[in-house]
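What follows is a set of notes on a single structure, which appears directly below.
Numbering of ligands and ligand atoms starts at 1, following listing order.
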Amino acid sequence: MAGKDIEYGESPPSGLIDCLRRARRVAVLTGAGVSAESGIPTFREAQTGLWAQYDPMMLASPQGFERNPERVWNWYEWRRELVGRTEPNAGHRALAELEPRFAEFTLITQNVDGLHRRAGSRNVLELHGNIARNICSATRKPIDDDWIERHGDEKPPPSPHDRHGKARPDVVWFGEALGAAVLDRAFAAASNCEVMLVVGTSGEVQPAASLPLLARDHGARIIDVNPERTSISAIADWHLAGPGGQWLPSIVNHL
Ligand code: OAD
């Protein structure tokens with residue numbers, strides 16, 4: 001059964017629906033693919049992925065920021081505008097609809113776009129931060145939007161907390177550690193869940209990619225929703241081959 005591809009157009013398998021109906025504790029892991037249908041590019045897809053067009057070490061690492069803070073700030077301004085123009089899609093909305101059906105429901109996302117909360121999801125763990133917020137590059141203390149607006153002609157704005165610091169987005173860059181508290185909660189949710197639903201991640205970035213393995217090793221059933229096969233599809237009980245915006249509403253409708 002593991003890794004069997006189910007093409008979109010078929011109903012979700014009855015075993016999958018039964019398993020969700022019986023579950024009390026569900027965890028979800030999402031990646032860039034869940035926001036693709038909102039018009040936000042993913043990272044690793046050939047041609048269209050952000051990392052096919054831009055060097056991540058230049059734009060998403062502390063070294064890249066040190067070398068050219070203005071370039072990094074401007075790139076994040078562009079992504080913020082892009083995210084600001086988008087809306088949650090049917091996949092985000094279906095996940096928000098699923099949440100109240102279970103006693104425990106934890107949505108762990110690698111995305112920084114905030115679309116899960118905008119769709120109505122409540123128990124959301126943002127592993128890689130949130131692009132809408134800013135922190136000080138020296139102290140990591142939060143910087144509020146008023147300060148950023150008042151210093152908007154400087155790119156990046158200075159930090160109110162440290163004269164050597166600058167404003168930077170509150171996201172995790174390559175080479176940086178994830179927040180310990182959020183990571184602990186994600187590991188706990190993965191170890192405790194009965195079902196883990198994975199949507200739109202290539203499973204190539206740690207530690208997020210280890211969460212489905214952890215869940216499986218603790219006895220959870222794994223559902224992977226992704227048009228492509230990944231290392232997660234290979235360990236999943238069901239691989240729903242197709243877009244999240246189609247499969248997730250279909251699951252909700254069959255529950
Ligand atoms: P990737 O770009 O690595 O993978 C996106 C996945 O989404 C691919 O496997 C696609 O096949 C799949 N996909 C595309 N369209 C989809 C759709 N409509 N429905 C469902 N799936 C779809 O993105 P992530 O796995 O999220 O980190 O990447 C993980 C991290 O790498 C990101 O959080 C980011 C990046 O570097 C940081 O910025 C720290």
Side-chain angles (χ1 to χ4, degrees), residues 5-8 28-65 72 75-76 78-80 82-83 86 88-95 107-116 119 124-133 135 168-179 182-183 186 197-212 223-236 238-251:
D5 296 330
I6 299 136
E7 300 298 332
Y8 185 70
V28 180
L29 173 67
T30 68
V34 78
S35 295
E37 289 157 87
S38 292
I40 301 178
T42 59
F43 292 96
R44 284 178 189 75
E45 287 180 274
Q47 317 295 326
T48 56
L50 287 174
W51 297 154
Q53 299 166 57
Y54 304 99
D55 177 357
M57 293 318 282
M58 210 154 83
L59 296 166
S61 77
Q63 296 82 349
F65 186 68
V72 174
W75 190 67
Y76 278 92
W78 167 72
R79 283 184 60 201
R80 281 174 174 150
L82 182 74
V83 166
T86 60
N89 64 54
H92 296 108
R93 290 194 298 271
L95 289 172
L107 197 164
I108 307 159
T109 186
Q110 298 164 85
N111 299 344
V112 296
D113 56 34
L115 288 179
H116 285 302
V124 180
L125 300 178
E126 292 175 320
L127 285 184
H128 294 163
N130 189 308
I131 200 172
R133 296 190 302 255
I135 54 172
R168 57 159 278 186
D170 186 8
V171 298
V172 176
W173 281 335
F174 287 96
E176 294 185 321
L178 277 66
V182 84
L183 194 55
L197 184 55
V198 182
V199 189
T201 181
S202 59
E204 290 196 18
V205 171
Q206 295 295 353
S210 68
L211 293 168
I223 304 167
D224 184 38
V225 182
N226 195 317
E228 306 295 330
R229 276 190 80 79
T230 67
S231 58
I232 295 172
S233 325
I235 63 135
W238 298 280
H239 171 219
L240 304 182
Q246 295 184 338
W247 269 120
L248 297 170
S250 169
I251 291 176

- Glu45 and Thr48: side-chain donor and acceptor closer than 3.5 Å? no
- Item | ligand 1-proximal atoms of Trp51, by part, heavy-atom distance under 4.0 Å | side chain
- Heavy-atom nearest neighbour of atom 16 (C) of ligand 1 within options Pro41, Gly33, Ser35: Gly33
- Ionic contact status for Glu228 with Arg44, cut-off 4.0 Å: no
- Message: When you compare the side chain of Leu50 with that of Leu59, does any pair of heavy atoms fall below 4.5 Å?
- Response: no
- Could you check whether the rings of Tyr54 and Trp78 sit parallel, tilted or perpendicular, using 30° and 60° as the cut-offs? tilted
- Task: Examine ligand 1 and decide if any of its atoms is less than 4.0 Å from a heavy atom belonging to Phe174.
- Result: yes
- Message: If I compare all heavy atoms of Ile135 with all of Pro169, which pair ends up nearest, and what's the gap?
- Response: CG1-O, 4.0 Å
- If you have a sec, work out which protein heavy atom is nearest atom 30 (C) of ligand 1 and how many Å separate them, to one decimal? Val205 CG2, 3.7 Å
- Query: Can you tell which of Ala208, Ser231, Ala241, Gly200 gets a heavy atom nearest to atom 5 (C) of ligand 1?
  - Reply: Gly200
- Got Leu211 and Leu127 here, is their nearest side-chain heavy-atom distance under 4.5 Å? yes
- Around atom 3 (O) of ligand 1, find the nearest protein heavy atom and jot down its residue, atom name and distance. Ser202 OG, 2.6 Å
- May I ask you to identify, for Val172, whether its side chain, its backbone, both or neither come under 4.0 Å of ligand 1 on a heavy-atom basis? backbone
- Task: Tell me which part of His128 gets within contact of ligand 1: side chain, backbone, both or neither, using heavy atoms under 4.0 Å.
- Result: side chain
- Message: To check your reading of the model: name the closest protein heavy atom to atom 19 (N) of ligand 1, its residue, and the distance in Å.
- Response: Gly244 N, 2.9 Å
- Check for a donor-acceptor pair, side chain of Glu176 on one end and backbone N or O of Trp173 on the other, with a separation under 3.5 Å. yes
- Item | Residue, atom name and distance, where the atom is the protein heavy atom closest to atom 9 (O) of ligand 1 | Asn226 ND2, 2.9 Å
- Query: In terms of residue, atom name and distance, what is the protein heavy atom nearest to atom 18 (N) of ligand 1?
  - Reply: Glu37 OE2, 2.8 Å
- Note on the structure: Looking only at protein heavy atoms, what sits closest to atom 23 (O) of ligand 1 is Ala32 CB, 3.5 Å
Please set out all donor-acceptor pairs under 3.5 angstrom arising from side-chain atoms of residues 199-208, sequence neighbours excluded.
{"residue": "Thr201", "atom": "OG1", "partner": "Gln110", "partner atom": "NE2", "Å": "3.0"}
{"residue": "Thr201", "atom": "OG1", "partner": "Gly203", "partner atom": "N", "Å": "3.2"}
{"residue": "Gln206", "atom": "OE1", "partner": "Ser210", "partner atom": "N", "Å": "3.2"}

- Query: In the protein, what heavy atom is nearest to atom 29 (C) of ligand 1, and what distance, to one decimal place, separates them?
  - Reply: Gln110 OE1, 3.2 Å
- Task: Could you check which of Leu178, Thr109, Thr201, Val199 puts a non-hydrogen atom nearest to atom 24 (P) of ligand 1?
- Result: Thr201
- Query: Would Glu45 count as a contact of ligand 1 if the rule is a heavy atom under 4.0 Å away?
  - Reply: yes
All N/O donor-acceptor pairs, side-chain side in residues 30-38, below 3.5 Å, sequence neighbours left out:
{"residue": "Thr30", "atom": "OG1", "partner": "Thr109", "partner atom": "OG1", "Å": "2.7"}
{"residue": "Thr30", "atom": "OG1", "partner": "His116", "partner atom": "NE2", "Å": "2.9"}
{"residue": "Ser35", "atom": "OG", "partner": "His92", "partner atom": "NE2", "Å": "3.2"}
{"residue": "Ser35", "atom": "OG", "partner": "Asp113", "partner atom": "OD2", "Å": "2.7"}
{"residue": "Glu37", "atom": "OE1", "partner": "Gly245", "partner atom": "N", "Å": "3.4"}
{"residue": "Glu37", "atom": "OE2", "partner": "Gly245", "partner atom": "N", "Å": "3.0"}
{"residue": "Ser38", "atom": "OG", "partner": "Glu87", "partner atom": "O", "Å": "2.7"}
{"residue": "Ser38", "atom": "OG", "partner": "Asn89", "partner atom": "N", "Å": "3.4"}
{"residue": "Ser38", "atom": "OG", "partner": "Asn89", "partner atom": "ND2", "Å": "3.1"}

- State which residue, out of Thr230, Asp5, Asn226, fulfils the side-chain hydrogen bond (donor to acceptor under 3.5 Å, both in side chains) condition with His239. Asp5
- Does ligand 1 have an atom that lies less than 4.0 angstrom from a heavy atom of Gly49? no
- Message: Under 3.5 Å between any N/O of Phe43 and any N/O of ligand 1: does that happen in this structure?
- Response: yes
- Note on the structure: Contact region, Ala36 to ligand 1, non-hydrogen atoms below 4.0 Å, reads side chain
- Do Val112 and Val83 come within less than 4.5 Å of each other through their side chains, counting heavy atoms only? no
- the protein heavy atom lying closest to atom 28 (O) of ligand 1 turns out to be Arg44 NH1, 3.1 Å
